[in-house]
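All residue numbers refer to positions in the sequence shown, counting from 1. Reckoned from all heavy atoms, side chains included, excluding hydrogens, waters and symmetry mates.
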Amino acid sequence: MTLPAVLEPSPSVEQELSRMRGLQKAGRHGEALEAAQARLEALPENRDLLLVAAVSQRHLLRLPEALATLDRLEQLQPRFSRLHQERGLCRVALKDAPAALEALLMAVNLNPALPAAWSMLEGLYRLTGDAQNAATAAEHVATLKRLPGEVVAATALFHDGDLGPAEQVVRAYLLAHGDQLEAMRLLARIGMARDVLDDAEVLLAAVLELAPDYQAARHDYAQTLVQRHKYVEARTQITRLLELEPANLDYRSLAATTAVGLAEQDAAIALYRGMLADRPDDPDVHLWLAHALKTVGRTSEAVDAYRAAAAARPDFGDAYWSLANLKSYRFNDEEIARMRAGEAAPATALADRYHLCFALGKALEDRAETTESWRYYAQGNALKRSESRYRPEIIETNTRKQIEVCTREFFARRAGWGAPDRDPIFILGLPRSGSTLLEQILASHSQVEGTQELADIQRIVLELQGRDLDLEDPRYPAVLADLTEDALRRLGDKYLADTRVYRSGQPIFIDKMPNNFRHIGLIHLMLPNATLIDARRDPMSCCFSNLKQLFAQGQEFAYSIEDISRYYRTYLELMRHWDEVLPGRVLRVHHEDVVSDLEGSVRRMLDHCGLPFEPACVDFHKTRRSVRTPSSEQVRQPIFRDGLDQWKAYAPWLGPLEVALGDAVTRYKD
C-alpha cells in the first residue's frame with residue numbers, strides 16, 4: 001500500500017533521540033538528561049525530547065522538575081498518551097495514588113496499547129482494594145502480552161498520531177511473518193487515518209475472510225465503506241453488527257449515518273432519537289439529529305436540537321456554526337457573548353475555534369457589524385487553512401492535462417461511445433454559485449428527481465488514477481486515451497447502477513457535485529447523452545460567499561483569498577476549453593439571470609434537458625424534498641435579490657481578491 005509521505009524528524013534529531021534512549025536503558029540518566037536539555041535549547045517544543053527529559057528527571061528523583069517538564073509538554077501536546085503515563089509514574093513515586101490513577105487512566109483512554117500503564121493500574125487497583133478494576137487492567141495486560149511486540153509498539157505509535165513510524169513497524173512485521181489479523185487491521189486503520197480508503201477496504205475484507213467473527217474489524221470495514229459512500233454495502237455489515245449488539249451506540253450511529261447517505265432521513269431521525277433516549281446529554285447526537293431535521297425542512301426542530309448540542313458542550317463550535325449555517329437564524333446577545341468567550345478561551349480546540357469564528361462572522365454580519373464580522377471570517381479562514389494540505393498547483397496541473405488530452409479530435413474519434421442513457425443531469429461549477437437553486441428548480445419537475453452531491457464520478461476518477469499517485473505527472477486524465485469503447489460503456493453503466501440506490505422512480509435524476517466540472521471530458525465519454533449545466537456566479541460574489549462558508553468536508557480551496565481566486569480562474573480556463581472542444585454540450589446558467597428572469601431561465605434549462613415546461617419549476621420553493629447543502633433553507637423561499645451584492649459591504653477588505661481575480665471579474669460572462 002502506497003501512502004502519502006509525512007514529515008519526519010530530521011535524521012540528526014532521530015539519531016540523538018536514539019542515543020539518549022540508549023543511555024536511559026543503560027541507567028545513565030544524568031547523561032541522557034544533559035543531552036536532552038542541550039538539544040531542547042534549539043528545539044524547545046520537541047515532544048520526544050521533552051519526554052526523554054521527564055523520564056530521566058523521574059529516575060534521578062527530581063520529581064518536581066519532571067512534573068514541570070510534563071506540564072510544559074501537555075501545553076504543546078495535550079493528547080500525547082505517554083506524557084500522561086509518565087505523569088502517572090511520577091505520582092506513583094510520590095505515593096499519590098489518586099493522582100496516579102487519574103493520569104494513567106487518561107493515558108490508556110488515549111492509547112490502549114500501553115502495557116506499562118495497564119500493569120501499573122493493576123497494581124494500584126489491588127493496593128486500593130478495587131478487585132474489579134484490577135481484573136480489568138490485568139485482562140488488558142494479558143491481551144497485550146498475547147500480541148507480537150512489534151504490533152503492540154506500532155499500535156501505540158498509531159494512537160499517538162505517529163502514522164509514519166507505525167506503518168514502518170507494522171509493514172516490516174507483515175513482510176517477515178505474513179498475515180496476522182491485528183497487524184492487518186492496524187495497517188488498514190493507518191490507511192483510514194490517511195484517507196487511503198481503497199487499500200483499507202481491501203485489507204479489512206481480507207481480515208474478515210480469515211476471521212468472520214472479528215467484530216472490531218467489521219466495524220472498521222463498515223466505517224470505511226461509509227467513507228467511500230458505499231452505503232448499501234455498509235448497511236449489510238452494520239446489520240450483522242447490530243444483530244449481535246442491538247444496543248451498541250457506535251453501531252447505531254453508523255446505521256444512522258448510512259441512512260443519511262441513502263437519503264432515508266426519517267429512519268436516521270428515528271435512530272438519533274433512540275440514541276438520545278439512552279444518552280440525553282450527548283452533544284454529537286443532538287448535532288446529528290439537527291442536521292437530519294434541517295435536511296427535511298423541519299427547521300424549528302433543528303434549531304432546538306442545535307441549541308441542545310451547544311448546551312451540552314458550551315464550546316461546541318459546530319453547534320453554533322450549524323445554527324449560523326441555517327442562514328435564517330439570528331443569534332441573541334447572550335449567544336454571541338458565549339461564542340466570543342469560547343473562541344477566546346485558550347483551551348478551545350482548533351476545530352471548535354474556527355467553527356466559532358465562522359459563526360461569529362455570520363452573527364455579526366447579520367447585525368451589519370462588518371468590521372468585526374470580517375475579522376472573525378478572516379481568522380476562521382486562517383485557522384482552517386492552517387490544518388489543510390491543499391496545493392493549488394495540483395488542480396492547475398490537472399487542468400493543464402485535461403486541456404492537452406481532451407481535444408476536439410480526441411472526442412470526435414470516440415463519438416457515440418459510452419452508455420447511451422440520458423438519465424443524469426449534472427449541475428456543476430463552484431460551490432456557492434446557485435447550484436442548489438438550479439437543482440431545486442429542476443427537481444420540482446414531475447420527471448426529475450433531486451438526489452445529492454454524489455461522489456461516484458470522483459470515485460471513478462480515483463480508480464482511473466490508480467494507487468501509485470504521482471502528483472506531478474498523474475495517470476489521470478492521460479489514461480482516458482487508453483480506454484476502449486467497451487471500457488467506457490462499462491464505466492457509464494457502473495455509474496448508473498451505483499447511483500440507482502439514490503433514486504425512487506423518476507426517469508431523470510440530478511447529480512449536483514460541483515467539482516465534476518473538472519471531469520466533463522470523462523462524463524461525456526462514458527455518458528454522452530447526459531445533460532450538463534454550469535451554474536455560474538459573479539466571481540466577487542461567488543468567492544466572497546466561499547470565504548465565509550465553512551464546508552463540512554472538502555472544498556479546501558475556499559479558505560484563503562489566494563486559493564479561491566486561483567481556483568475560480570482555473571475553473572474559467574477549463575470551462576472555456578470544454579466550450580471549445582464540446583460546443584453546445586454544456587448549458588451555462590448565470591445566477592444573476594435566474595434572479596432577474598426566473599421563468600425565462602427555467603424554460604431555457606428545461607429546453608436544454610429536453611423536458612416540457614411545468615409551472616411547479618417556477619414555484620420551486622413549494623417543493624418538499626431533502627436538501628443537504630448550505631443553501632437548504634434559502635431554496636425553500638422565493639427568490640430575493642438581496643444576496644447578489646452582499647460582498648460590497650466588505651469591499652474595504654476584498655481589494656486583494658479583486659486584484660487576484662484579474663480579468664475574471666469580466667471574463668466570467670463569456
Novice: What's the shortest heavy-atom distance between Pro246 and Arg252, and which atoms?
Specialist: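 Minimum heavy-atom separation between Pro246 and Arg252: O-CD, 3.5 Å.
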
Novice: In the structure I gave you, are the side-chain heavy atoms of Phe551 and Pro431 within less than 4.5 Å of one another anywhere?
Specialist: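 Yes. Closest side-chain heavy atoms under 4.5 Å.
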
Novice: Between Ala419 and Leu496, which heavy-atom pair has the shortest distance, and what is it?
Specialist: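 Result for this residue pair: CB-CD1, 4.4 Å.
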
Novice: Run the salt-bridge test on Lys512 and Glu453 with the 4.0 Å N-O cut-off and return the result as yes or no.
Specialist: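 Looking at Glu453 together with Lys512, the answer is yes, because their closest N to O distance falls below 4.0 Å.
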
Novice: Just checking, is any N or O donor in the side chain of Asn515 or Gln555 under 3.5 Å from an acceptor N or O on the other one?
Specialist: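 A donor-acceptor contact under 3.5 Å links the two side chains.
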
Novice: With ring pair (Phe, Tyr, Trp, His ring centres under 6.0 Å) as the test, would you mind laying out the steps for Phe426 and Tyr495 before giving the verdict?
Specialist: CA-CA 12 Å; Phe426 291 92; Tyr495 172 85; 5.5 Å; yes

Novice: Between the side chains of Asp597 and Ser601, is a donor N or O closer than 3.5 angstrom to an acceptor N or O?
Specialist: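 Result is no, nothing qualifies.
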
Novice: So do the side chains of Leu454 and Asp498 get within less than 4.5 Å of each other, counting heavy atoms only?
Specialist: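 When only atoms from C-beta onward are counted, Asp498 and Leu454 do not touch, as no gap falls below 4.5 Å.
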
Novice: Could Arg298 and Glu301 be called an ion pair, given the rule that one side-chain N must be under 4.0 Å from one carboxylate O?
Specialist: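 Between Glu301 and Arg298 there is a salt bridge, with a charged N closer than 4.0 Å to a carboxylate O.
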
Novice: Got a sec, which residues hit side chain to side chain contact (heavy atoms under 4.5 Å, CB included) with Ser300, two or more places apart in sequence or on another chain?
Specialist: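 Listed in chain order: nothing, the list is empty.
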
Novice: Only pairs under 3.5 Å count here: list side-chain donor-acceptor contacts from residues 220-227, not counting sequence neighbours, and write none if there are none.
Specialist:
from, atom 1, to, atom 2, distance (Å)
Asp220, OD2, Arg185, NE, 2.6
Asp220, OD2, Arg185, NH2, 3.2
Thr224, OG1, Asp220, O, 2.9

Novice: Is it true that Asp423 and Arg503 make a salt bridge, defined as a side-chain N closer than 4.0 Å to a carboxylate O?
Specialist: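 Yes, Asp423 and Arg503 are salt-bridged.
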
Novice: Do the non-hydrogen side-chain atoms of Glu573 and Ile403 ever get within less than 4.5 Å of each other?
Specialist: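 In short, these two side chains touch, coming nearer than 4.5 Å.
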
Novice: Please name the pair of heavy atoms, one in Ala255 and one in Leu242, separated by the smallest distance, quoted to 0.1 Å.
Specialist: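 Smallest interatomic distance, heavy atoms only, reads CB-CD1, 4.1 Å.
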
Novice: Can Tyr306 and His286 be said to form a ring pair (Phe, Tyr, Trp, His ring centres under 6.0 Å), step by step?
Specialist: CA-CA 7 Å; Tyr306 284 135; His286 281 294; over 10 Å; no

Novice: Could you tell me whether a side-chain N or O of Thr258 sits under 3.5 Å from a main-chain N or O of Arg235, the two making a donor and an acceptor?
Specialist: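 No: the side chain of Thr258 does not pair with the backbone of Arg235.
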
Novice: Just checking, is any N or O donor in the side chain of Tyr272 or Asp284 under 3.5 Å from an acceptor N or O on the other one?
Specialist: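 Result is no, nothing qualifies.
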
Novice: Is any side-chain N of the basic residue among Glu243 and Arg218 closer than 4.0 Å to the acidic one's carboxylate O?
Specialist: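 Answer for the salt bridge query: no.
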
Novice: Taking only Lys NZ, Arg NE, NH1 and NH2, and the carboxylate oxygens of Asp or Glu, determine whether Glu592 and Arg537 approach each other closer than 4.0 Å.
Specialist: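 Salt bridge absent between Glu592 and Arg537.
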
Novice: Could you label the plane-to-plane angle of the Tyr502 and Tyr231 rings as parallel, tilted or perpendicular, counting under 30° as parallel and over 60° as perpendicular?
Specialist: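 Taking Tyr231 first and then Tyr502, their aromatic rings stand perpendicular (interplane angle over 60°).
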
Novice: Below 4.0 angstrom, N of the basic side chain to O of the carboxylate: do Arg389 and Glu556 qualify?
Specialist: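 No, this pair does not count.
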
Novice: Test side chain to side chain donor-acceptor pair (under 3.5 Å) on Arg536 and His591; report intermediate values, then the result.
Specialist: CA-CA 6 Å; Arg536 186 167 296 187; His591 180 64; over 6 Å; no

Novice: Counting N and O atoms only, with roles assigned by atom type, does the side chain of Arg422 sit under 3.5 Å from a partner on the main chain of Ile508, one being a donor and the other an acceptor?
Specialist: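 No, because the side chain of Arg422 does not come within donor-acceptor range (under 3.5 Å) of the backbone of Ile508.
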
Novice: Report yes if some heavy atom in the side chain of Pro474 is under 4.5 Å from a heavy atom in the side chain of Thr397; otherwise report no.
Specialist: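 In contact.
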
Novice: Is the charged tip of Arg414 near the ring of Phe410: under 6.0 Å from the six-membered ring centre and within 45° of its axis?
Specialist: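 That pair qualifies as a cation-pi contact.
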
Novice: Step by step, work out the ring pair (Phe, Tyr, Trp, His ring centres under 6.0 Å) result for Tyr668 and His590.
Specialist: CA-CA 9 Å; Tyr668 84 98; His590 289 272; 5.8 Å; yes

Novice: Are the charged groups of Asp493 and Arg490 less than 4.0 angstrom apart, N to O?
Specialist: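 Looking at Arg490 together with Asp493, the answer is no, because their closest N to O distance does not fall below 4.0 Å.
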
Novice: Any chance you could lay out the side chain to side chain donor-acceptor pair (under 3.5 Å) test for Gln646 and Ser541, step after step, and finish with the verdict?
Specialist: CA-CA 7 Å; Gln646 286 180 339; Ser541 294; over 6 Å; no

Novice: Before you tell me yes or no, could you show the steps for Asp579 and Arg588 under side chain to side chain contact (heavy atoms under 4.5 Å, CB included), namely the whole-Å CA-CA distance, both residues' side-chain angles and the distance that decides it to 0.1 Å?
Specialist: CA-CA 10 Å; Asp579 289 342; Arg588 181 150 304 115; 2.9 Å; yes

Novice: Please step through side chain to side chain contact (heavy atoms under 4.5 Å, CB included) for the pair Tyr568 and Asn546, ending with a clear verdict.
Specialist: CA-CA 11 Å; Tyr568 194 100; Asn546 274 274; over 6 Å; no

Novice: Keeping the roles fixed (side chain from Ser253, backbone from Leu249), state whether a donor-acceptor pair exists under 3.5 Å.
Specialist: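 No.
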
Novice: Assess whether side chain to side chain contact (heavy atoms under 4.5 Å, CB included) is satisfied between Asn381 and Phe358, documenting all intermediate values.
Specialist: CA-CA 8 Å; Asn381 276 298; Phe358 278 97; 3.6 Å; yes

Novice: Could you tell me whether Arg240 and Glu245 make a salt bridge, using a distance below 4.0 angstrom between a side-chain N and a carboxylate O?
Specialist: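 Judged by the 4.0 Å cut-off on N to carboxylate O distance, Arg240 and Glu245 do not form a salt bridge.
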
Novice: Does His577 reach the main-chain N or O of Leu572 with its side chain, forming a donor-acceptor pair under 3.5 Å?
Specialist: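 Judged by distance alone, no pair lies under 3.5 Å.
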
Novice: Between Asn529 (side chain) and Pro420 (backbone), is there a donor-acceptor pair under 3.5 Å?
Specialist: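 Side chain of Asn529 to backbone of Pro420: a pair is present.
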
Novice: Would His519 and Tyr476 count as a side chain to side chain donor-acceptor pair (under 3.5 Å) if you check the C-alpha gap in whole Å, the side-chain angles of each, and the deciding distance to 0.1 Å?
Specialist: CA-CA 10 Å; His519 311 297; Tyr476 172 88; 2.9 Å; yes

Novice: Grab the two heavy atoms, one from Asp282 and one from Val285, that are nearest each other, plus how far apart they are.
Specialist: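 Looking at all heavy atoms of both residues, the closest pair is OD1-N, 3.2 Å.
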
Novice: For Phe620, does its backbone N or O pair with a side-chain atom of Gln440 as donor and acceptor, under 3.5 Å?
Specialist: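 Answer holds: yes.
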
Novice: Check whether the side chains of Ser504 and Glu449 place a donor and an acceptor atom closer than 3.5 Å, and report yes or no.
Specialist: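 Yes - a donor-acceptor pair under 3.5 Å links their side chains.
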
Novice: Decide ring pair (Phe, Tyr, Trp, His ring centres under 6.0 Å) for His355 and Tyr320; before the verdict, give the C-alpha distance in whole Å, the side-chain angles of both, and the deciding distance to 0.1 Å.
Specialist: CA-CA 7 Å; His355 277 87; Tyr320 288 107; over 10 Å; no

Novice: Check whether any side-chain heavy atom of Leu587 sits under 4.5 Å from a side-chain heavy atom of Leu532, and report yes or no.
Specialist: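 A side-chain contact is absent here, since even the closest heavy-atom pair is not under 4.5 Å.
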
Novice: Can Glu614 and Ser444 be said to form a side chain to side chain contact (heavy atoms under 4.5 Å, CB included), step by step?
Specialist: CA-CA 9 Å; Glu614 290 183 0; Ser444 300; over 6 Å; no

Novice: Dump the intermediate steps for salt bridge (charged side-chain N to carboxylate O under 4.0 Å, His left out) on Arg228 and Glu233, then the final yes or no.
Specialist: CA-CA 10 Å; Arg228 298 200 74 195; Glu233 297 95 323; over 6 Å; no

Novice: Between Asp663 and Arg569, is there a side-chain N and carboxylate O pair less than 4.0 Å apart?
Specialist: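 A salt bridge is present here (some side-chain N lies under 4.0 Å from a carboxylate O).
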
Novice: Taking all atoms of both residues into account, what is the closest heavy-atom pair of Val448 and Leu442, and its distance?
Specialist: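 What the structure gives for the nearest pair is CB-O, 3.2 Å.
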
Novice: Could you walk me through whether Gln215 and Tyr251 satisfy the side chain to side chain donor-acceptor pair (under 3.5 Å) test, starting with their C-alpha distance in whole Å, then the side-chain angles of each, then the deciding distance to 0.1 Å, before giving a yes or no?
Specialist: CA-CA 11 Å; Gln215 281 182 242; Tyr251 300 167; 3.2 Å; yes

Novice: Looking only at heavy atoms, which two atoms of Phe517 and Gly429 are closest? And how far apart?
Specialist: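 Residues Phe517 and Gly429, closest heavy atoms: CD2-O, 3.4 Å.
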
Novice: Would you say the side chains of Gln452 and Asp511 form a donor-acceptor pair under 3.5 Å?
Specialist: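 No, because no side-chain N or O of Gln452 sits under 3.5 Å from a partner of the opposite role on Asp511.
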
Novice: Would you call Arg408 and Glu580 a salt bridge, taking side-chain N to carboxylate O under 4.0 Å as the test?
Specialist: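 No salt bridge links Arg408 with Glu580.
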
Novice: Taking Glu396 first and then Arg400, would you say they form a salt bridge - that is, a charged N and a carboxylate O separated by under 4.0 Å?
Specialist: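 Between Arg400 and Glu396 there is no salt bridge, as every charged N stays at least 4.0 Å from the carboxylate O atoms.
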
